[in-house]
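Nothing here was measured: the structure is a model prediction, and the numbers come from that model.
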Amino acid sequence: MPRLIAPDARYHSSWLEGSAEFDGAHRDGGGAEDWSLDELRDPESFRRFVDTLNKDALPESPRKPGYVPCTYLWIVEGEKFLGSLAIRHELNDFLFNEGGHIGYSVRPSARRLGHAAAALADALPVARDLGIPRALLTCDEDNAGSRATIEKNGGVYEDSRNGKRRYWIDTVPAA
């Protein structure tokens, strides 16, 4: 049964295998933008990467301009890394218009098995506990899989901006 966990260096080899499947494509929710795959092959560099991801949830952690505190989670099943999910604690202008509170990606070999929908369902209470009563999620206009994942989790379509569909999901259960 897949589950969400904090990033963990024990998944080094499986994370590398999953990352290779993306063949250089952008991975929403991965947090690896500033790290090369070659660099992350080194176990010590990978441990620093994991530590950086985990510390990014702390408001006092250093981050690039325009970035907000973010809780990174990994989707795993047993010892296998399946994907990544990021919960951004607040929205700046870019995130409000295009990025949203939550971004995720599932490795290609694990897609179309319900992992993204289950991970998003498990992430919504985490977002609520972070003080996010309504989470904004976005997806590319042509990403039918992500659109279905968001809608399956109660996403209510608001509008489209710059090629991104914008949805809101209540993280607090209705009374």
Side-chain angles (χ1 to χ4, degrees), residues 2-9 11-12 14-16 18-19 21-22 24-37 40 46-77 81-108 110-111 114-140 143 145-147 149-150 152-155 162 164-171:
R3 60 193 175 98
L4 290 178
I5 65 163
D8 187 326
Y11 290 87
H12 186 202
S14 185
W15 186 94
L16 288 171
S19 294
E21 289 181 21
F22 285 91
H26 176 74
R27 290 172 291 157
D28 290 324
E33 295 84 11
D34 294 334
W35 302 79
S36 74
L37 194 54
L40 291 174
F46 189 76
R47 279 190 285 281
R48 284 195 312 274
F49 165 65
V50 166
D51 187 52
T52 299
L53 292 181
N54 287 318
K55 286 181 178 174
D56 202 44
L58 305 173
E60 66 272 13
S61 290
R63 60 186 48 83
K64 295 190 309 190
Y67 281 63
V68 300
C70 182
T71 296
Y72 289 98
L73 299 167
W74 286 354
I75 309 163
V76 300
E77 186 169 34
F81 170 84
L82 301 175
S84 302
L85 185 141
I87 304 172
R88 300 164 194 112
H89 300 189
E90 58 195 62
L91 298 175
N92 59 24
D93 286 342
F94 171 76
L95 294 173
F96 181 75
N97 286 298
E98 295 183 41
H101 282 105
I102 300 174
Y104 52 84
S105 58
V106 173
R107 67 193 283 177
R111 291 181 183 161
H115 298 312
L120 178 55
D122 290 345
L124 292 172
V126 177
R128 180 188 62 235
D129 292 346
L130 289 168
I132 302 167
R134 289 181 69 226
L136 175 65
L137 282 92
T138 67
C139 66
D140 290 339
N143 188 337
S146 193
R147 180 178 174 174
T149 292
I150 295 167
K152 181 176 183 175
N153 277 280
N162 302 317
K164 301 284 186 182
R165 296 179 63 84
R166 299 172 68 251
Y167 293 86
W168 291 95
I169 300 177
D170 290 328
T171 65

Q) Between Trp15 and Val50, is a side-chain contact (heavy atoms from CB on, under 4.5 Å) present by the stated rule, with each step listed? A) CA-CA 11 Å; Trp15 186 94; Val50 166; over 6 Å; no

Q | Side-chain donor/acceptor of Asp122 to backbone N/O of Arg3, under 3.5 Å | A | no

Q: State, yes or no, whether a side-chain contact exists between Arg107 and Ser14 at a heavy-atom distance under 4.5 Å.
A: yes

**Q.** Nearest-0.5 Å distance that lies between atom CG in Leu137 and atom CH2 in Trp168
**A.** 9.5 Å

Q | Test side-chain contact (heavy atoms from CB on, under 4.5 Å) applied to His89 and Val68, step by step | A | CA-CA 7 Å; His89 300 189; Val68 300; 5.8 Å; no

Q | Heavy-atom donor-acceptor pair, His101 side chain to Leu136 backbone, under 3.5 Å | A | yes

Q: State, to 0.1 Å, how close Gly131 and Pro133 come at their nearest heavy-atom pair, and which atoms those are.
A: O-CD, 3.2 Å

(Q) Please report the interatomic distance CG(Asn54) to CG(Leu73), rounded to the nearest 0.5 Å. (A) 9.0 Å

Q. For the residue pair Trp74 and Phe46, does the interplanar ring angle fall in the parallel (under 30°), tilted (30 to 60°) or perpendicular (over 60°) class?
A. tilted

(Q) Once rounded to the nearest 0.5 Å, what's the spacing between atom OH of Tyr67 and atom OG of Ser61? (A) 15.0 Å

Q | Sole candidate of Val126, Ile150, Leu85 that passes side chain to side chain contact (heavy atoms under 4.5 Å, CB included) when paired with Ile102 | A | Leu85

Q. Sub-3.5 Å donor-acceptor pair from the side chain of Arg88 to the main-chain atoms of Gly99, do we have one?
A. yes

Q: Measure the spacing between CD of Glu21 and CZ of Arg111 and express it to the nearest 0.5 Å.
A: 8.5 Å

Q: Can you measure from CG (Asp28) to OG (Ser146) and round to the nearest 0.5 angstrom?
A: 7.5 Å

**Q.** Donor-acceptor pair, side chain of Arg128 and main chain of Thr171, under 3.5 angstrom
**A.** yes

(Q) If we ignore hydrogens and angles and just use 3.5 Å, is the side chain of Thr138 paired with the main-chain N or O of Glu98 as donor and acceptor? (A) yes

Q: Measure from the side-chain N and O atoms of Arg166 to the backbone N and O of Phe96, and report whether any donor-acceptor pair falls under 3.5 Å.
A: yes

Q. Between Gly154 and Ile169, which heavy-atom pair has the shortest distance, and what is it?
A. C-CG1, 4.0 Å

Q. Can you name the closest pair of heavy atoms from Thr71 and Ala57 and give their distance?
A. OG1-CB, 3.6 Å

Q: State the CG-CG distance between Leu120 and Leu4, to the nearest 0.5 angstrom.
A: 9.5 Å

Q) Going by heavy atoms in the side chains, are Tyr104 and Thr149 under 4.5 Å from each other? A) yes

Q: Over all heavy atoms of both residues, which pair between Leu37 and Ser19 is shortest? Give the atoms and the distance, please.
A: CD1-CB, 3.9 Å

Q) Going by heavy atoms in the side chains, are Phe49 and Pro7 under 4.5 Å from each other? A) no

Q: Please name the pair of heavy atoms, one in Gly30 and one in Tyr72, separated by the smallest distance, quoted to 0.1 Å.
A: C-CE2, 4.1 Å

Q. For Ala9, does its backbone N or O pair with a side-chain atom of Arg47 as donor and acceptor, under 3.5 Å?
A. no

Q: Answer yes or no: is there a donor N or O on one side and an acceptor on the other, between the side chain of Arg63 and the main chain of Asp56, under 3.5 Å?
A: yes

Q) Taking all atoms of both residues into account, what is the closest heavy-atom pair of His115 and Ala110, and its distance? A) CD2-O, 3.0 Å

